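This report concerns only the one structure given below.
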Protein chains: 2
Amino acid sequence: MSRASDQAYATIRAHLLSGAVKAGEQLTEDQLAQITGVSRTPVREAVRRLEDELVLVRSDTKRLFVADWSRDDIEEMFTLRQMLECHAAERAAKRLTREQIAALEQVNRDLTAAVEQSPPDVVRFLDANRAFHEVIIEAADSPRLGQLLTRLVEAPVVLRTARTYSQSDLRQSARDHDELVAAFAARDPDWARAVMGSHLRRAFHTFAKAVGPRSDGAASDKDGGDA
Amino acid sequence: MSRASDQAYATIRAHLLSGAVKAGEQLTEDQLAQITGVSRTPVREAVRRLEDELVLVRSDTKRLFVADWSRDDIEEMFTLRQMLECHAAERAAKRLTREQIAALEQVNRDLTAAVEQSPPDVVRFLDANRAFHEVIIEAADSPRLGQLLTRLVEAPVVLRTARTYSQSDLRQSARDHDELVAAFAARDPDWARAVMGSHLRRAFHTFAKAVGPRSDGAASDKDGGDA
DNA sequence: TGCGTGGTTATTGTATACAAAACGCGCTCG
DNA sequence: CGAGCGCGTTTTGTATACAATAACCACGCA
């Protein structure tokens with residue numbers, strides 16, 4: 001995209017990621033313009049993108065806030081992501097070229113290396129993880145699917161990345177990726193879908209655990225409901 | 001949203017819907033500003049929304065065109081919509097209030113009336129159809145799901161509404177809705193999902209038939225001017 | 001004291017002017 | 001005759017000024 005609005009987008013994201021502003025806090029376009037060093041026009045463009053990703057939200061009267069995702073929000077997001085990304089895995093299994101599979105292997109080697117460092121290099125892990133999923137989405141060859149997933153995937157990362165990941169979680173993630181590659185290499189769409197499903201569902205639980213360790217000591221999850 | 005950009009959005013949509021511009025044709029922001037009667041700023045906002053919906057697309061060098069959906073594009077869209085809207089139907093079946101079910105019945109009565117006119121009132125049909133699906137999405141109580149579906153649903157309508165609908169197609173659609181209401185009244189998520197699935201898949205075929213009488217048509221479309 | 005009300009400030013929305021980038025055309029040069 | 005290049009024009013991108021609207025605060029009145 002355009003230079004300034006891209007920069008604004010990246011800078012605002014980085015700013016949120018840095019933890020400098022808390023969830024629920026108000027932001028103003030002027031503020032963001034100052035932070036990003038561009039005028040309000042491209043800032044508004046960037047803000048729109050972040051609104052689409054539900055990283056930022058507007059009040060009923062158009063005031064701008066950092067989104068505050070509840071556990072339910074996160075579950076919803078992971079449910080949708082699972083639905084779409086399982087579909088993507090299935091399609092990818094039928095379409096991935098040998099080169100793309102090799103690329104996935106390479107990316108996952110890098111991811112594994114990042115995980116096995118001590119301490120694990122979380123930033124590198126996240127980068128590799130994103131790259132991995134991007135290859136799959138690319139191979140799924142469904143532009144709209146890719147567009148929808150992009151929206152879903154980025155938001156929670158931005159909003160919650162301050163949190164810590166345990167090394168065992170990261171290792172399991174790497175193993176999931178290995179098995180996905182195996183499913184792809186076998187050209188088995190059902191296998192790929194299944195692995196992707198459990199991968200994401202586990203990721204949700206890992207994520208949710210960190211979000212709401214529920215200070216109230218009683219039952220961890222009341223309020224069943226949803227499906 | 002804001003007054004002017006909303007108006008721009010609606011006006012541009014109406015303009016496309018009117019068939020005044022053909023798929024693949026170039027548009028300029030200035031042009032649209034003139035048409036909508038507002039300045040380029042809100043036009044750009046509206047254009048961005050339409051880009052999100054893939055009604056408008058930009059070339060690699062940011063020039064603006066009316067999207068030209070291929071049959072594959074349409075199939076992709078319906079596949080995704082089916083995936084998401086089946087999920088919505090399932091959730092809605094568990095959540096719809098008696099009032100909402102009554103509303104669906106009312107909407108579908110209206111839809112049926114529109115269909116049974118001769119000639120059928122297609123605009124009224126489309127309105128009722130949209131209202132029907134909106135109630136379901138609302139009841140699914142999943143904001144992100146709603147957001148994603150909105151994007152998917154609107155585009156093909158805008159791009160292809162010039163086409164004619166056969167009365168039998170419309171009637172079948174009305175029957176599907178009736179069965180959906182029955183599934184909802186029975187609070188049967190599986191039934192609701194199944195009906196929604198067949199409803200949308202049939203809709204795809206109806207739609208695709210009009211777009212390209214055959215998928216591997218010999219010489220139907222030359223040079224996809226896409227961008 | 002509680003609540004409405006008016007004005008003041010903060011914030012978003014829109015218009016316009018200008019800057020940058022891309023397209024197209026004609027011209028030159030091989 | 002054709003290919004590449006320069007320049008004017010078109011189109012998009014950005015900054016800034018201004019308008020509209022919402023939040024805030026203080027004040028007065030019951």
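If you're wondering where the values come from, they're calculated on a predicted model, not measured in any experiment. Order of the sequence lines sets the chain letters (A, B, ...), proteins ahead of strands, with each chain counted from 1.
The listed nucleotides are dT14(D), dT14(C), dT11(C); the one nearest the side chain of Thr28(A) is dT11(C). If you check dG13(D), dA15(C), dT11(C) against the side chain of Arg58(B), the one that comes closest is dG13(D). Side-chain proximity of Glu29(B) to the nucleotides dT14(D), dT12(D), dA23(D) is greatest for dT12(D). Here the side chain of Leu64(B) is nearest to one of dT14(D), dT12(D), dA15(D), namely dT12(D). Of all nucleotides listed (dT21(D), dT11(D), dA15(C)), dA15(C) comes nearest to the side chain of Thr41(B). For Arg63(A), taking side-chain heavy atoms from C-beta onward, the closest of the listed nucleotides dT16(D), dA22(D), dT14(C) is dA22(D).
For Asp30(B) and dA22(C), the CG to C1' distance is 16 Å, given to the nearest whole Å. Lys62(B) has its NZ atom 16 Å from the C1' atom of dC23(C), to the nearest Å. Here the P atom of nucleotide dT10(D) and the CZ atom of Arg40(B) are 15 Å apart, to the nearest Å. Going from atom CD of Gln34(B) over to atom P of dT10(D) covers 14 Å, rounded to whole Å. For Gln26(A) and dA22(D), the CD to P distance is 14 Å, given to the nearest whole Å. As a whole-Å value, the separation of Asp60(B) CG from dT12(D) C1' is 14 Å. Atom P of nucleotide dG13(D) and atom CD of Glu45(A) are separated by 7 Å, given to the nearest angstrom. To the nearest angstrom, P of dG13(D) lies 9 Å from CD of Glu51(B).
For the pair Ala4(A) and Ser59(A), both in contact range of DNA chain D, the more 5′-proximal nearest nucleotide belongs to Ala4(A).
Within 4.0 Å (heavy atoms only), Leu32(B) reaches no atom of the nucleic acid at all.
Using a 4.0 Å cut-off, some side-chain N or O of Ser39(A) falls inside it from OP1 or OP2 of dA15(D). Checking the phosphate oxygens (OP1, OP2) of dG13(D), a side-chain nitrogen or oxygen of Arg44(B) falls inside 4.0 Å.
Between Glu29(B) and Arg58(B) there is a salt bridge, with a side-chain nitrogen of the basic residue lying less than 4.0 Å from a carboxylate oxygen of the acidic one. Salt-bridge formation is not detected for the pair Asp52(B)/Arg49(B): no Lys NZ or Arg NE/NH1/NH2 atom is positioned less than 4.0 Å from an Asp or Glu carboxylate oxygen. Between Glu75(B) and Arg201(B) there is a salt bridge, since at least one side-chain N of the basic residue sits less than 4.0 Å from a carboxylate O of the acidic one. A salt bridge links Arg13(B) with Glu53(B): at least one charged nitrogen is closer than 4.0 Å to a carboxylate oxygen.
Minimum interatomic distance between Leu149(A) and Ala88(A) (heavy atoms only, all atoms of both residues): CD1-CB, 4.4 Å.
If you check distances only, the side chain of Thr61(B) never reaches the base of dA22(C) with a donor-acceptor pair under 3.5 Å.
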